[in-house]
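The sequence lines fix the lettering, A, B, ..., with proteins before strands; numbering per chain opens at 1.
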Amino acid sequence: VQNTVQHVLLQAEDMQQQIIRETFHLVSKRDDNVCNFLEGGSLIGGSDYKLIYRHYATLYFVFCVDSSESELGILDLIQVFVETLDKCFENVCELDLIFHMDKVHYILQEVVMGGMVLETNMNEITTQVDVQNRMEKSEGGLSAAPARAVSAVKNMNLPEIPRNINIGDINIKVPSLSPF
Amino acid sequence: MPAPIRLRELIRTIRTARTQAEEREMIQKECAAIRSSFREEDNTYRCRNVAKLLYMHMLGYPAHFGQLECLKLIASQKFTDKRIGYLGAMLLLDERQDVHLLMTNCIKNDLNHSTQYVQGLALCTLGCMGSSEMCRDLAGEVEKLLKTSNSYLRKKAALCAVHVIRKVPELMEMFLPATKNLLSEKNHGVLHTSVVLLTEMCERSPDMLAHFRKLVPQLVRILKNLIMSGYSPEHDVSGISDPFLQVRILRLLRILGRSDDDSSEAMNDILAQVATNTETSKNVGNAILYETVLTIMDIKSESGLRVLAINILGRFLLNNDKNIRYVALTSLLKTVQTDHNAVQRHRSTIVDCLKDLDVSIKRRAMELSFALVNGNNIRGMMKELLYFLDSCDPEFKADCASGVFLAAEKYAPSKRWHIDTIMRVLTTAGSYVRDDSVPNLIQLITNSVEMHAYTVQRLYKALLDDISQQPLVQVASWCIGEYGDLLVSGQCEEEEPIQDEVLDVLEGLLVSNLSTPVTRGYSLTAIMKLSTRFTSVNRIKKVVSIYGSTSLILYCCNDPISSWISFNFHLTECPLSVCQTFQLQLLSPSSNVVPALNQGTVTQVIRVLNPQKQQLRMRIKLTYTLKGSPVQDLAEVNNFPPQSWQ
């Protein structure tokens with residue numbers, strides 16, 4: 001998987017998009033009653049690589065693997081990944097993935113690393129992701145607190161504060177305190 | 001300057017774009033804003049801006065100007081910054097940019113950070129895209145972390161080590177000490193990645209492989225515990241305990257057992273146990289079974305175990321799940337050479353898979369079917385394969401046709417069967433047959449002397465039905481040219497055509513839009529050859545003079561009776577262009593007989609119209625029979641005097 005990721009990333013952006021488009025094209029025209037394995041198109045490394053995908057409602061999860069991976073095992077891995085997404089986002093839907101692509105990356109980083117399977121225990125994964133998300137939150141997250149504070153202040157309805165308060169002469173008598 | 005918009009706002013805005021152009025405009029506007037924000041060196045909003053940049057990058061827009069910003073984020077103290085910074089580095093940077101080396105120091109510091117999640121980010125980034133230089137610099141840190149008791153870090157360090165080894169193989173030795181007690185771990189994540197690391201090392205180095213063979217008993221024990229342990233909610237996937245780890249261990253066992261009798265014996269029992277006890281109702285069980293089968297087939301297992309494995313594959317073939325059928329066929333294809341008899345037992349199931357709806361399954365079933373054809377089952381198998389050829393998708397026809405020809409050549413029970421099979425292929429998939437099969441078939445037909453009459457009659461009939469399939473037409477034309485006399489002389493079983501009818505058909509090929517120039521060459525040659533076999537010579541002469549300049553590929557006949565020797569003008573460049581470059585007129589040869597024993601010659605004048613003054617070359621092909629055996633002679637003339645064409 002790693003070599004493929006690198007292969008894809010080493011292409012220019014428009015080539016990357018083409019690879020993605022070709023993959024989508026190959027996968028989306030598949031019937032539901034055929035197997036979930038596809039030989040990758042010529043853009044994706046050729047005959048040593050396969051596309052393994054699963055179809056959930058409107059979403060396709062496609063993993064590109066080389067011949068050293070077990071095809072059936074990858075199907076299970078996709079299932080683990082999707083179930084983890086579901087746990088982390090609480091009934092994940094398409095919009096969650098679109099609006100939180102960074103979070104999706106972070107979750108994936110706990111499952112796969114360098115193109116190899118890292119962790120498959122869903123509880124483990126979600127726990128680790130949760131802790132890190134909380135760390136981010138405590139720092140204000142990507143949104144960065146200042147923006148909210150500024151707009152909050154802007155929106156506050158402040159009463160008129162009188163200026164130049166004259167407190168006049170005040171004679172404060174300090175009583176003498178007995179020593180300890 | 002107003003605060004940069006937030007990521008979700010950007011996403012929302014972009015999604016409202018109705019055209020590609022509108023989207024591009026929005027992106028450009030935002031990129032400009034981000035660029036000025038970067039220029040202002042604003043630390044607060046950098047993470048937000050980079051996040052937006054990554055989103056736009058995902059959509060396909062260039063984001064290279066964010067590379068340095070990612071580095072700044074990585075160097076920040078905030079976890080949020082580091083997290084998005086490292087992600088950006090992984091997505092936007094690679095070895096080709098020198099800038100990536102600037103990360104090395106940051107990663108080094110972060111690998112020693114007090115927070116394990118920062119260490120995790122560093123390991124992840126290094127393990128995904130670390131270059132060889134980075135790996136060299138940081139291997140020591142990774143090795144340290146491989147020995148930590150923190151399982152979160154240990155498992156990441158293991159995979160990072162794999163990456164380092166892949167990038168800098170010489171560093172592999174360095175990780176050896178740390179592997180000592182990797183398998184004693186209780187944490188499954190660590191176990192899993194450790195097995196991956198061990199596998200990588202064994203695959204790369206025969207010395208390592210020999211060294212790690214001693215782990216076989218320990219691996220067998222771990223596997224046994226996984227199978228025998230009761231329900232463990234942590235690792236359970238559909239009722240099976242950590243199938244991913246089981247599969248990984250099976251794969252490592254495969255590598256360790258290969259070509260080693262002792263190791264293979266040590267794992268025999270556990271393999272048999274897994275093979276017989278694994279629950280097959282869900283995909284996970286089948287994934288394990290599949291891996292077990294592959295391991296059994298690869299190591300030096302007892303024959304009983306091998307048969308067990310192949311039978312599992314046979315059962316897979318009957319599974320409703322198409323994925324299972326797919327992997328079964330793939331495996332059977334790999335083992336059909338070594339365990340031919342065992343696979344033969346499942347032949348009928350395999351042949352049934354030819355009717356599957358799935359393209360990948362059909363293809364494998366086809367390949368496997370051809371691999372299983374032998375002298376005993378040729379008739380039955382060929383029936384199925386020809387039926388498949390009839391009904392399959394165009395993408396299969398060429399390969400299937402080739403396969404049929406090959407199989408027929410090897411195992412044909414009789415010449416007549418052979419010719420019939422060829423005919424069947426030509427008529428059902430004639431346009432998909434490969435170019436080289438035409439001369440091969442001609443050779444085959446030539447050699448089946450007793451079948452000439454039968455063949456030419458069948459081919460002629462086929463031509464009457466359909467002239468669109470070029471290979472069929474070419475072979476048929478050639479046969480008619482050769483054996484036309486047999487066609488009209490009443491040697492065939494059915495009502496024979498008369499000469500004019502035959503010439504009608506051949507002439508029809510010349511004028512038809514469906515005929516390629518090569519085909520026209522074949523039919524013209526056939527007509528010319530018939531001048532010695534038929535009596536309607538005038539008609540033939542007329543045809544030749546009209547069409548003689550449009551095609552120059554003439555083949556010789558090999559009939560010792562006829563002495564009409566044609567010349568083969570096979571210009572090796574595109575034959576189509578030849579039609580425009582040359583025009584040829586062949587005058588009658590001086591004689592129809594070449595005297596024996598060098599007592600005389602035959603001359604023939606060829607008038608060449610060569611307006612473009614292209615160089616003349618001539619290739620001559622002579623085929624004749626000598627004492628009953630066919631002889632073929634090829635000659636080229638490349639030294640026509642320049643005056644002849646300049």
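- For chain A, the nearby part of B:T115 is the side chain; its heavy atoms alone come within less than 4.5 Å.
- Neither the backbone nor the side chain of A:Q79 comes within contact range of chain B; no heavy atoms are under 4.5 Å apart.
- Rounding to the nearest 0.5 Å places CG of B:N323 at 12.5 Å from CD1 of A:I74.
- Each of A:V80, A:D102, A:V117 has some count of heavy-atom pairs under 4.5 Å with chain B, and the biggest count is that of A:V117.
- Heavy-atom distances place no part of A:I125 under 4.5 Å from chain B, backbone and side chain included.
- Within the model, atoms CD of A:E124 and OH of B:Y152 stand 9.5 Å from one another, a figure rounded to the nearest 0.5 Å.
- The CD1 atom of B:I324 sits 10.5 Å away from the CD atom of A:E71 when rounded to the nearest 0.5 Å.
- For the atom pair CG (B:L159) and CD (A:E119), the distance works out to 10.5 Å, reported to the nearest 0.5 Å.
- Side-chain N/O atoms of B:T80 and A:E139 include a donor and acceptor closer than 3.5 Å.
- Interface remark: of the candidates B:V327, B:V247, B:L357, B:V327 forms the most heavy-atom pairs closer than 4.5 Å to chain A.
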Test side-chain contact (heavy atoms from CB on, under 4.5 Å) applied to A:L95 and B:R15, step by step: CA-CA 11 Å; A:L95 283 178; B:R15 279 164 65 79; 3.3 Å; yes
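- Using a distance-only test at 3.5 Å, with no hydrogens or angles considered, a donor-acceptor pair links the side chain of B:N283 to the main chain of A:L72.
- Side-chain atoms of B:D358 come within 3.5 Å of backbone atoms of A:C35 as a donor-acceptor pair (strictly under, hydrogens ignored).
- The candidate from A:M113, A:Q132, A:H105 with the greatest count of non-hydrogen atom pairs under 4.5 Å with chain B is A:Q132.
- Highest contact tally toward chain A, considering only B:A51, B:G189, B:P243, is held by B:G189 [criterion: heavy-atom pairs under 4.5 Å].
- Residue B:H188 does not touch chain A at all, counting heavy-atom pairs closer than 4.5 Å.
- Taken to the nearest 0.5 Å, the OH atom of B:Y55 stands 7.0 Å off from the CZ atom of A:F99.
- The shortest side-chain heavy-atom distance between B:I84 and A:Y106 falls under the 4.5 Å cut-off.
- Residue B:R325 does not touch chain A at all, counting heavy-atom pairs closer than 4.5 Å.
- Neither the backbone nor the side chain of B:R46 comes within contact range of chain A; no heavy atom of the residue lies under 4.5 Å from a heavy atom of that chain.
- With a 4.5 angstrom heavy-atom cutoff, B:V284 touches chain A via backbone and side-chain atoms both.
- Looking only at heavy-atom pairs under 4.5 Å with chain A, the residue among B:H192, B:R251, B:E291, B:R8 that has the most is B:R251.
- Here the side chains of A:N133 and B:R83 are in contact, with some heavy-atom distance below 4.5 Å.
- Contacts between B:D242 and chain A at a heavy-atom distance below 4.5 Å involve the side chain alone, from C-beta outward.
- Heavy atoms of B:Y326 lying under 4.5 Å from chain A belong exclusively to its side chain.
- Note that NZ of B:K156 is 7.0 Å distant from CD of A:Q109, once rounded to the nearest 0.5 Å.
- For chain A, the nearby part of B:L59 is the backbone; its heavy atoms alone come within less than 4.5 Å.
- Taking 4.5 Å as the limit, every side-chain heavy atom of B:T193 sits out of range of all side-chain heavy atoms of A:M116.
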